[in-house]
Amino acid sequence: MKPLEVIQGGSEAAIAWPSRKPRWLKVRAPGGPNYLRLKELMRGLELSSVCEEAHCPNIGECWEAGTATFLIMGDVCTRNCPYCAIAHGRPEGLDEDEPRRVAEAIERLQLNHCVITSVDRDDLPDGGAWIFAEMIREIRLRRPQCSIEVLTPDFRGNPEAIRTVIEAGPEIFNHNMETVRRLHRVARPGGRYDRSLNVLRTGRQLDDQVLIKTGIMLGLGETGADIDEFMGDALEAGVQILTLGQYLRPSPDHLPIDRYVTPEEFVRWKEIGESRGFLHVESGPLVRSSYHAREQVVELRQRVAALAAG
């Protein structure tokens with residue numbers, strides 16, 4: 001059965017946007033010992049996390065499991081995407097000591113996996129690529145057993161900026177597409193769909209050992225045909241890991257939710273994606289880009305090695 005015969009716009013599985021969140025989007029408030037320890041350390045080292053800035057629903061689970069996503073280069077973005085909770089404006093100057101402090105936090109927490117992401121810094125010639133690279137080098141020095149995922153901006157398509165990050169040697173190179181082609185200009189007015197695809201493609205061409213990853217949100221008004229088109233584009237660009245999660249509106253000033261996608265539809269999209277050739281699809285209402293990132297590295301490193309061995 002073809003993908004679009006299974007899901008045609010998600011209509012048979014989706015429900016209209018109600019005034020209250022459905023039960024599957026409710027999570028327990030964070031507060032475990034590892035979560036509290038990480039929060040205290042982040043404040044003490046004056047570090048930011050996208051887990052907090054973007055109001056991630058999985059913050060309790062991930063922090064308790066010892067995985068954190070560090071937000072670097074400040075908490076003010078030069079772009080103003082209408083789905084995103086991160087503040088928009090004129091960023092302050094770069095903190096060149098930030099790589100050391102992030103690496104120190106990772107060392108003190110004895111993390112085995114970390115995700116490094118950033119706001120868009122279109123005010124910088126390289127978009128901040130050298131900070132990503134320096135962060136990777138500092139983590140390697142202090143905590144060499146920690147695997148590293150970078151979730152980068154598009155660097156305005158600058159191939160040398162992408163090269164700077166890739167040559168520093170992250171295990172996963174991630175750039176989120178965020179939504180399908182048809183809705184891209186609405187959700188990401190400062191971005192370009194094909195430019196983002198080319199970021200992923202360039203990463204794949206520069207290093208065939210790094211795992212290439214992207215993700216989109218569902219519930220912005222996409223159809224099954226849109227998702228099917230996106231999957232084909234991502235596979236052509238060399239993407240191996242795909243994340244699919246529910247868009248959650250940060251405030252009444254952000255883009256409205258078109259629908260709440262059911263867990264059953266997310267399961268079907270996972271099956272479709274993996275049948276089409278993605279090595280791994282993380283798909284569910286609460287999935288965010290770094291959700292289960294550590295498990296993905298362990299699993300996929302083994303699978304890629306097995307494929308290379310024949």
Open item on the list: What I'd like to find out is whether the side chain of Asn174 reaches to under 4.5 Å of the side chain of Val150, using heavy atoms alone.
Closed with: no
TODO: Return yes if some donor-acceptor pair links the side-chain N/O of Arg204 with the main-chain N/O of Asp207 below 3.5 Å, else return no.
DONE: yes
Open item on the list: Between the side chains of Glu264 and Lys270, is the shortest nitrogen-to-carboxylate-oxygen separation below 4.0 Å, so that they form an ion pair?
Closed with: no
Open item on the list: Between His88 and Cys81 (side chain of the first, backbone of the second, donor and acceptor by atom type, cut-off under 3.5 Å), is there such a pair?
Closed with: no
Open item on the list: Using only atom types and a distance under 3.5 Å, with no angle test, would you say the side chain of Asp95 pairs donor to acceptor with the backbone of Asp97?
Closed with: yes
Task: Stepwise side-chain hydrogen bond (donor to acceptor under 3.5 Å, both in side chains) test for Thr179 and His184 - done: CA-CA 6 Å; Thr179 190; His184 212 261; over 6 Å; no
Task: Nearest-0.5 Å distance that lies between atom OG in Ser283 and atom CG in Leu242 - done: 7.5 Å
Task: Hydrophobic cluster identity match, Leu141 and Val102, side-chain contacts under 4.5 Å - done: no
TODO: Given side-chain hydrogen bond (donor to acceptor under 3.5 Å, both in side chains), test Glu265 with Trp269 step by step and report yes or no.
DONE: CA-CA 6 Å; Glu265 183 180 338; Trp269 280 119; 3.0 Å; yes
Task: Whether Glu222 side chain and Leu220 backbone form a donor-acceptor pair below 3.5 Å - done: yes
TODO: Could you tell me which non-hydrogen atom of Arg142 sits nearest to which non-hydrogen atom of Ala103, and how far apart they are?
DONE: CD-CB, 3.4 Å
Open item on the list: As an exercise, state the distance from CG of Leu200 to OG1 of Thr214, rounded to the nearest 0.5 Å.
Closed with: 5.0 Å
TODO: Return yes if a side-chain donor-acceptor contact under 3.5 Å exists between Asn112 and Arg143, otherwise no.
DONE: yes
TODO: Using a 4.5 Å cut-off on heavy atoms from C-beta on, say whether the side chain of Leu255 contacts that of Tyr247.
DONE: yes
Task: Any donor-acceptor N/O pair, Asn158 side chain to Asp126 backbone, under 3.5 Å - done: no
Task: Any donor-acceptor N/O pair, Arg181 side chain to Asp194 backbone, under 3.5 Å - done: no
Task: Derivation of the salt bridge (Lys or Arg N to Asp or Glu O under 4.0 Å) call for Arg276 and Glu229 - done: CA-CA 12 Å; Arg276 291 191 61 177; Glu229 176 191 37; over 6 Å; no
Open item on the list: Using 0.5 Å steps for rounding, measure from the OH atom of Tyr83 to the CG atom of Leu183.
Closed with: 12.5 Å
Open item on the list: Is it true that Ser196 and Arg188 share a donor-acceptor pair across their side chains at a distance under 3.5 Å?
Closed with: yes
TODO: Using a cut-off of 6.0 Å, state whether more than 12 heavy atoms not belonging to Gln145 lie near its atom CD.
DONE: yes
- [ ] Check whether any side-chain heavy atom of Glu138 lies under 4.5 Å from a side-chain heavy atom of Glu104, and answer yes or no.
- [x] no
Open item on the list: Please check this pair: side chain of Arg182 against backbone of Asp226, looking for a donor-acceptor N/O pair closer than 3.5 Å.
Closed with: no
Open item on the list: If only side-chain N and O atoms count, and only distance matters, is there a donor-acceptor pair under 3.5 Å linking Asp233 with Tyr193?
Closed with: yes
TODO: Please tell me if the side chains of Val210 and Glu171 come closer than 4.5 Å, counting only heavy atoms from C-beta onward.
DONE: no
Open item on the list: Do Leu197 and Met177 make a side-chain contact, defined as non-hydrogen atoms from C-beta onward lying under 4.5 Å apart?
Closed with: yes
Open item on the list: Please report the interatomic distance CD1(Ile139) to CD(Glu107), rounded to the nearest 0.5 Å.
Closed with: 11.0 Å
TODO: Following the transitive rule for hydrophobic clusters with a side-chain heavy-atom cut-off under 4.5 Å over Ile, Leu, Val, Met, Phe, Trp and Tyr, establish whether Ile227 and Val267 coincide in one cluster.
DONE: no
Task: Hydrophobic cluster membership, Leu124 vs Trp130, 4.5 Å side-chain cutoff - done: yes
Open item on the list: Whether the side chain of Thr243 engages the backbone of Glu282 through a donor-acceptor N/O pair (distance < 3.5 Å, no angle test) should be reported.
Closed with: no
- [ ] Please name the pair of heavy atoms, one in Leu151 and one in Thr117, separated by the smallest distance, quoted to 0.1 Å.
- [x] O-OG1, 2.8 Å
- [ ] Over all heavy atoms of both residues, which pair between Phe132 and Ile116 is shortest? Give the atoms and the distance, please.
- [x] CE2-O, 3.5 Å
Task: Ion pair check, Arg79 and Asp154, cut-off under 4.0 Å - done: yes
Task: Glu160 and Arg163: CA distance, side-chain angles, deciding distance, salt bridge (Lys or Arg N to Asp or Glu O under 4.0 Å) verdict - done: CA-CA 5 Å; Glu160 288 308 308; Arg163 179 185 298 276; 3.7 Å; yes
Task: Backbone of Thr152 reached by a side-chain donor or acceptor of His175 within 3.5 Å - done: yes
- [ ] Please report the closest heavy-atom contact between Pro91 and Val76, naming both atoms and the distance.
- [x] CG-O, 3.6 Å
TODO: Calculate, to the nearest 0.5 Å, the distance between atoms SG and CE belonging to Cys84 and Met217 respectively.
DONE: 8.5 Å
Open item on the list: Walk me through whether Leu206 and Ile162 qualify under side-chain contact (heavy atoms from CB on, under 4.5 Å).
Closed with: CA-CA 9 Å; Leu206 287 170; Ile162 301 166; 4.1 Å; yes
Task: Heavy-atom side-chain contact between Ser118 and Met73 under 4.5 Å - done: yes
Task: Nearest non-hydrogen partners of Met135 and Pro99, listed with the distance - done: SD-CA, 3.4 Å
Open item on the list: With rounding to the nearest 0.5 angstrom, report the CD1 to CG distance, Ile86 to Asn80.
Closed with: 11.5 Å
Open item on the list: With a 3.5 Å distance limit and no angle check, can you tell me whether Lys213 reaches the backbone of Ile241 through a side-chain donor-acceptor pair?
Closed with: no
Task: Side chains of Tyr260 and Gln246, donor plus acceptor under 3.5 Å - done: no
Open item on the list: Just so I know, are the side chains of Phe155 and Asp120 near enough to count as touching, which here means a heavy-atom distance under 4.5 Å?
Closed with: no
- [ ] State, with a plain yes or no, whether a side-chain heavy atom of Val165 is found less than 4.5 Å away from one of Phe173.
- [x] yes
- [ ] Verify the distance criterion only: is there a donor paired with an acceptor across the side chains of Asn198 and Arg195 at less than 3.5 Å?
- [x] no
Task: Presence of salt bridge, Glu134 and Arg137, under 4.0 angstrom - done: yes
TODO: Could you tell me which non-hydrogen atom of Cys146 sits nearest to which non-hydrogen atom of Ile106, and how far apart they are?
DONE: SG-CG2, 3.9 Å
